[in-house]
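In what follows, chains are A, B, ... by sequence order, proteins preceding strands, each numbered from 1.
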Amino acid sequence: MVEMSRENLFNAAIAGLLLALPLGAWALGESYYISVASRVAILALAGVGLNLALGFGGMVSFGHAAFFGLGGYAAGVLSHHAFEGSAFLNWPLTIDGSDSTLTLWFAALLVSGLVAAVIGAISLRTSGVYFIMITLAFAQMIFYLAVSLPTYGGEDGLPLYLRSSLPGLDLSDDLTFFFVCYGLLLLAIFLSLRLVGSRFGAALQCARQNETRLSAIGIAPYPVKLTAFVFSAMITGLAGALFVELNGFVSPSILSWHLSGEIMIFVILGGVGRFYGPIVGAALFIVLETVIGGYTERWQLFLGVILLGVVLFARGGVIGLLAGKARHD
Amino acid sequence: MTEPLLVLDGLQKSFGALRATDDVSLSVDAGSIHALIGPNGAGKSTLIGQIAGALRPDAGKIAFMARDVTGLSVPQRAQLGLGRTFQVSSLAMEFSALRNVMLAVQARKRSTFRFWRPVRGDRDLTDPAMLQLERVGLAERAQLPVTALSHGERRQLELAVALALEPKVLLLDEPMAGLGGEDSQRMTEVLGNLRQEAAMLLVEHDMDAVFTLADEISVLVYGRIIASGSVADIRASQEVRDAYLGE
């Protein structure tokens, strides 16, 4: 219990820090850093999604950029049509563009969830290195699909001129937008906590530790893992929609395998299977990119060294290093 | 005479040229323990694997509670009430002993797809789980992770997990393997008391345990059943002595 409360304390500190930074930046009038904090929150959210599959379900997906990107494209494309005043689809049913934030989020969740159900249904028939490769392959297919779509900018992407509107909030205000991202991040962590602690979560964690055992007691691992994979993808997909909103731009780069790797790095740096780990991972990543990236383009060399250190010496990631081993009851 | 709970009919399984299971037929009656003995490599674990559903037989049929289960998966058979323990303990290593049993309780209740309520402190799971841990004598170690349990304790936990499924038939793959004298005596006692609750197919090398527990014994050598009968029959059989007991 002592160890647990230490991790809780640490988690509170992480969440507090991420909240304090943009507030400080706002007080000093440094609005750039508010958007940096928003980026951290959004990427952390993507990591929280992957963590559900990778950290708790043991599914090493190297294709989560597909869901991040699909969420982004779903939101971006609808927003683009709203700006043009055109319809996304006329037949068999009419789907108009939309500038309602909630509609965009819903579209992102829906698209990433549906595609994850298909990708997961096929990929989860494999395991180990084959699972890694097949998720990567699917993500690459979707990447090239986006590249080949001239309607939506193809390789160059699509600028979005319209800010979506959330009732009662002005998302074009940097600080408000940060609060929304931050709120969704905490909500996703809370939902993960509930899910992992539930009966479903117990089965999911057993699937990671010992699938043979799970089968032997009469629980088929496949539907458990597939369900978790879909939830995981939906969280990452929502992050993609926020990312597009933040940048006012959607392009195939949010579908690229680099991003899949980066989301995985957030999870591993922070600590695989640690609820607040992705925040630490994403923050560390952005800090390195911003600070060392200001001096040299080769900042990823430092990222590599840190990643190597974590993998070799601190399997529990930064959180494992500072708050001790993960505990199960 | 009621229908046996478990009936194997002409099972065949080959790995390449090796006939691991060669026309095996046997049955397990309600309320009884059927022991399966034989030298290493006789195909006992292969047979258990086919009954549990992990291996598919090349030919033959498996009927469980008068139902053909030959085509069913491991989880499906487990849900019907076919429990098993593994020769080498196979548990969720990071979980506590209690959590391992709780998971089996939730499996029996078919309540895995519940996403909200925490399992921690859920009396619907912990109470039945503790009951099973007490039966196998592991109640005091309930909170420890499996990694902290001794070899013998893991064997006991395997049994508690299997019992939590409230199985009709238990497949026990060498439950005494690696247990010390006192532990194996305790295990023998626990199994003996279970017989009315679950019939058992017991694979075991510990002859004291087999002769104490078994109502019927089959001897498996090179995938074939060479003898089958009561404890007295098997003890008296010259063929079995030559092939296996080495007397």
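- Contacts of A/L204 with chain B are absent, with no heavy-atom separation under 4.5 Å from either backbone or side chain.
- For B/F15, the CZ atom sits in a packed shell: over 12 heavy atoms of surrounding residues, nucleotides or ligands are nearer than 6.0 Å.
- Nearest heavy-atom pair, A/A203 versus B/Q106, reported as atom, atom and distance to 0.1 Å: CB-NE2, 4.1 Å.
- Across all their heavy atoms, A/N210 and B/L91 have their closest contact at ND2-O, 3.1 Å.
- What you find for A/C206 and B/L103 is that their closest heavy atoms are CB-CD2, 3.3 Å.
- Comparing B/L125, B/L80, B/L98 by heavy-atom pairs within less than 4.5 Å of chain A, the highest count is held by B/L125.
- When all heavy atoms of B/A92 and A/R213 are compared, the pair lying nearest together is N-CG, 4.2 Å.
- Contact of the B/F115 side chain with the A/V196 side chain is not registered, since no non-hydrogen atoms from C-beta on lie closer than 4.5 Å.
- Contact of B/P118 with chain A is made through backbone and side chain together, with heavy-atom distances under 4.5 Å.
- Per-residue heavy-atom pair counts under 4.5 Å with chain A were compared for B/P75, B/A164, B/S90, and the maximum is reached by B/P75.
- In this structure, chain A has no heavy atom under 4.5 Å from any part of B/A52.
- Residues A/Q209 and B/V146 are not in side-chain contact: their nearest non-hydrogen atoms beyond the backbone lie 4.5 Å or more apart.
- Looking at A/V224, the atoms closer than 4.5 Å to chain B (heavy atoms on both sides) sit in the backbone and in the side chain alike.
- In this structure, OG on A/S215 lies 10.5 Å from CZ on B/R84, to the nearest 0.5 angstrom.
- The two residues B/R99 and A/A202 make their nearest non-hydrogen contact at NH1-CB, 4.0 Å.
- In this structure, the separation between CZ on B/R120 and OG on A/S198 is 14.0 Å, given to the nearest 0.5 Å.
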List the steps and the verdict of side-chain contact (heavy atoms from CB on, under 4.5 Å) for A/R199 and B/V119. CA-CA 6 Å; A/R199 292 186 184 193; B/V119 292; 3.5 Å; yes
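- If you measure heavy-atom distances from A/L193 to chain B, you find no contacts under 4.5 Å at all.
- Here the shortest heavy-atom pairing between A/A216 and B/A78 reads O-CB, 3.3 Å.
- Between A/F200 and B/F113, the ring planes lie tilted relative to each other; the angle falls in the 30° to 60° range.
- The distance from the OG atom of B/S111 to the CD1 atom of A/I219 is 8.0 Å, given to the nearest 0.5 Å.
- Note that the CD1 atom of A/I217 and the CZ atom of B/R108 stand 11.5 Å from one another [nearest 0.5 Å].
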